[in-house]
There are 2 protein chains.
Amino acid sequence: MKTIYNFSAGPAVLPKSVLEKAQSELVNYQNSGMSVMELSHRSSLFETIIQQAEALLRELMNIPDNYKVLFLQGGASLQFTMVPLNLAQNKKAIYVNTGSWSKKAISEAKKLGNVNIEVIASSEDKNFSYIPEIKKEDVPQDAAYVHITTNNTIEGTAYYKLPDTGDVPIVADMSSNILSINYNVADFGLIYAGAQKNIGPAGLTVVIVREDLIGQSEVLSAMLDYNIQAKNDSLYNTPPTYAIYMAKLVFEWIKENGGVSQMEKRNKEKAALLYNEIDASALFSSPVNPKDRSINNIPFITGSDDLDKKFNQEAVTEGFENLKGHRSVGGMRASLYNAFPKKGVEALTAFMKKFEAENGGNN
Amino acid sequence: MKTIYNFSAGPAVLPKSVLEKAQSELVNYQNSGMSVMELSHRSSLFETIIQQAEALLRELMNIPDNYKVLFLQGGASLQFTMVPLNLAQNKKAIYVNTGSWSKKAISEAKKLGNVNIEVIASSEDKNFSYIPEIKKEDVPQDAAYVHITTNNTIEGTAYYKLPDTGDVPIVADMSSNILSINYNVADFGLIYAGAQKNIGPAGLTVVIVREDLIGQSEVLSAMLDYNIQAKNDSLYNTPPTYAIYMAKLVFEWIKENGGVSQMEKRNKEKAALLYNEIDASALFSSPVNPKDRSINNIPFITGSDDLDKKFNQEAVTEGFENLKGHRSVGGMRASLYNAFPKKGVEALTAFMKKFEAENGGNN
């Protein structure tokens with residue numbers, strides 16, 4: 001069969017060697033006679049899996065000891081509620097609006113009656129094509145946190161320099177660039193990420209939280225309470241065991257491939273290939289402010305809806321899957337996460353050159 | 001290697017043919033060049049999977065058209081909050097206390113300030129060894145619902161006859177006997193179940209809800225709102241795609257094997273084998289009231305902690321996994337879900353006979 005390159009924004013491509021390992025032991029894990037999916041979450045075999053997953057993530061991200069690592073469910077979308085519910089009841093919470101997911105985080109937080117939400121910066125004036133500057137004096141120092149979205153999956157922007165928030169902890173939705181950019185965990189109060197981009201399959205959410213920030217208030221539900229989840233080592237109830245196992249395999253793969261700094265280096269190389277092609281092209285362009293461009297999600301357009309449509313149709317027949325831009329934006333979007341191969345970017349840029357020559361660009 | 005029989009209460013044994021099918025297509029699903037784990041949840045390939053999963057479940061359980069089927073996350077434990085949050089704000093909600101999970105459902109519901117919780121019956125007086133009688137006149141007819149746990153995983157009881165609640169809808173935690181007993185969905189207002197017993201891997205929660213019961217009140221979070229989840233066909237955010245795919249395979253397996261009535265027949269046969277052995281034994285006994293005995297979770301004891309421990313140790317060396325009783329109860333517990341083979345029960349009863357002969361029973 002022909003080679004497929006999967007540019008999906010998530011669930012996204014996983015390392016082939018990880019999938020092959022999962023396949024080889026799917027029916028019989030470590031000669032136990034059982035699948036990982038059949039293991040009791042209280043069994044020693046599964047406890048080893050979840051402990052190794054946590055230890056690997058701590059090593060890869062250099063997570064300080066005073067941070068808890070939680071394996072939860074519900075995606076970033078449930079974190080939009082859990083973050084203010086745990087950290088900001090009867091307090092002020094600050095948000096920066098950099099795109100569709102920031103907006104959802106803000107609107108969900110506002111549903112909580114007893115949190116005072118303030119949006120101190122936004123890039124909505126220019127279609128979220130840049131990351132707004134935040135000055136320390138804009139950050140109320142009595143706030144519970146400042147919420148940012150480190151990578152905007154839909155709009156294709158990212159933070160390369162974190163805002164100076166003074167003593168106010170930064171809470172980050174890192175769903176689309178965790179383990180892909182080498183952020184310093186100690187710069188954050190809380191990091192959350194849906195797994196389905198750089199970690200593993202959908203259905204797992206990773207939360208990394210400084211322990212002094214949790215257990216401060218009554219939370220509506222045990223399942224939504226970071227403190228209860230932390231005290232139970234993510235085993236308050238049955239966790240998504242197979243997704244945690246897959247995440248462990250992905251963490252091993254990242255480690256074998258040089259860790260997060262090496263992932264960042266490769267991701268920058270892949271992104272540069274595509275941005276160089278876009279910038280050299282007379283047909284394709286990037287809608288994003290150059291210094292804020294994401295290396296993980298790269299939107300591009302021809303300027304013509306008809307040509308965008310033609311490009312997307314021909315791309316599918318060439319084996320490029322999921323290049324179509326998000327339904328709220330249009331155009332094209334290439335999502336280049338850790339597991340996406342450089343060869344796929346080379347194939348895409350070659351196809352873009354060919355398409356441009358055939359469709360009236362002056363390259 | 002020796003044969004393993006996995007008596008785990010959940011995550012539990014899955015049909016071997018389902019695991020083998022999942023294994024065969026793990027790396028390359030339907031010649032797409034992608035794993036199911038790599039499919040966008042907006043792709044036509046995945047949409048087909050989730051639609052087929054729903055259609056199969058509707059067929060297997062004969063779900064009326066005025067019921068929504070939702071594929072969610074967070075397990076039964078998150079439903080303990082979602083049910084009252086969606087159905088009973090500023091109303092009365094009635095609970096029946098039949099064991100550890102009922103108690104958690106009650107204590108979580110009580111955390112909501114604006115729901116009036118009333119427990120109208122309990123079997124706690126006799127260690128939850130029976131299902132209490134509920135008379136229609138005990139059910140306040142202005143209540144939003146009556147919550148029951150159809151099968152008590154830890155204590156080993158089950159409802160075979162539903163209470164007459166008049167016009168008040170029954171809400172059921174059916175986690176441990178959904179698809180195992182042929183209940184009539186139309187007798188319930190809402191059914192919820194964690195997947196990891198009779199449906200598939202952990203990390204998926206199925207909710208079946210009569211549509212007139214939802215959308216009645218403001219819900220704190222979009223992720224916790226049945227109405228938003230229903231309007232988005234469980235695709236409000238990224239669902240646990242691989243767990244839904246596995247559930248679809250399990251539903252196909254149930255259908256190929258004669259449907260839920262056939263599952264119930266087989267489960268009753270398997271349970272009868274074990275209960276007959278227990279009842280004929282001078283060493284082993286069941287702590288549960290005979291007419292309320294679960295066919296899915298069968299606790300049994302020797303009456304001696306030392307002998308229980310010895311039995312559990314020898315059982316593991318014989319290839320019987322996870323027979324040890326729940327840490328809150330002790331003794332032994334055999335969980336016999338749909339995928340548990342009859343041969344495994346025969347092997348267990350043979351081992352029990354042998355153990356009894358060697359350890360002073362007078363059988």
Side-chain angles (χ1 to χ4, degrees), chain A residues 1-4 6 8-14 16 19-20 22-23 26-28 31-35 37-43 73-78 80-81 104 108 111-112 194 196 200-204 218 220-224 236-243 246 319 321-322 327, chain B residues 1-4 6 8-14 16 19-20 22-23 26-28 31-35 37-43 73-78 80-81 104 108 111-112 194 196 200-204 218 220-224 236-243 246 319 321-322 327:
Chain A
M1 60 176 292
K2 78 177 172 212
T3 302
I4 293 294
N6 180 8
S8 175
V13 61
L14 288 163
K16 187 70 84 181
L19 290 172
E20 285 166 351
Q23 181 174 46
L26 190 134
V27 173
N28 183 7
N31 211 26
S32 66
M34 296 177 274
S35 172
M37 292 183 232
E38 300 177 300
L39 297 179
S40 167
H41 58 300
R42 310 279 177 202
S43 66
Q73 299 181 59
S77 295
L78 191 55
F80 298 163
T81 298
K104 281 203 180 176
E108 288 298 298
K111 290 185 182 173
L112 274 69
Q196 65 272 14
L204 171 65
E218 294 284 305
L220 181 78
S221 161
M223 284 297 290
L224 305 179
Y236 169 75
N237 75 337
T238 314
T241 52
Y242 197 72
M246 288 298 301
E321 291 282 347
N322 299 305
R327 61 201 189 290
Chain B
M1 61 177 289
K2 78 176 174 215
T3 302
I4 293 293
N6 180 8
S8 175
V13 61
L14 289 162
K16 186 69 85 181
L19 291 172
E20 284 166 351
Q23 181 174 46
L26 189 135
V27 173
N28 183 7
N31 211 26
S32 66
M34 295 177 275
S35 172
M37 291 182 232
E38 300 178 300
L39 297 179
S40 167
H41 58 299
R42 310 280 177 201
S43 66
Q73 298 181 58
S77 295
L78 191 55
F80 298 162
T81 298
K104 281 204 180 177
E108 288 297 297
K111 290 184 182 174
L112 274 70
Q196 65 272 15
L204 171 65
E218 294 284 305
L220 181 80
S221 162
M223 284 297 290
L224 305 180
Y236 170 74
N237 76 336
T238 314
T241 51
Y242 197 71
M246 287 299 301
E321 291 281 348
N322 299 303
R327 61 200 189 291

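These numbers come from a predicted model, not from an experiment.
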Just jot down the side-chain hydrogen bond (donor to acceptor under 3.5 Å, both in side chains) partners of B/Ser221, sequence neighbours excluded, or say none.
-> A/Thr81
Could I get the full list of side-chain hydrogen bond (donor to acceptor under 3.5 Å, both in side chains) partners for A/Ser40, not counting sequence neighbours?
-> none
Tell me which of these, [options], has more heavy-atom pairs under 4.5 Å with chain A than the rest.
| options | result |
| --- | --- |
| B/Met246, B/Gln196, B/Glu108, B/Glu321 | B/Glu108 |
| B/Ala12, B/Ala9, B/Gly10 | B/Ala12 |
| B/Ser8, B/Gly75, B/Ala222, B/Gly194 | B/Ala222 |
| B/Ser77, B/Gly319, B/Ala22, B/Ser35 | B/Ser77 |

Would you mind reporting whether [Y] and [X] have side-chain heavy atoms less than 4.5 Å apart?
| X | Y | answer |
| --- | --- | --- |
| A/Leu19 | B/Glu38 | yes |
| B/Met37 | A/Pro11 | no |
| B/Ser32 | A/Ile4 | no |

If you look at every heavy atom in A/Val27 and B/Gln23, which pair is closest and at what distance?
-> CG2-OE1, 3.2 Å
Shortest non-hydrogen separation from A/Gly74 to B/Met223 and the atoms involved = O-CE, 3.3 Å
Measure distances from [X] to the heavy atoms of chain B and classify the residue's part below 4.5 Å as side chain, backbone, both or neither.
| X | value |
| --- | --- |
| A/Glu218 | neither |
| A/Leu14 | both |
| A/Glu20 | both |

Using non-hydrogen atoms only, which part of B/Leu39 is less than 4.5 Å away from chain A: side chain, backbone, both, or neither?
-> backbone
In terms of heavy-atom pairs under 4.5 Å with chain B, which of A/Leu220, A/Thr241, A/Asn322 leads?
-> A/Leu220
Quick one: CG on B/Leu224 to NZ on A/Lys111, what's the gap to the nearest 0.5 Å?
-> 9.0 Å
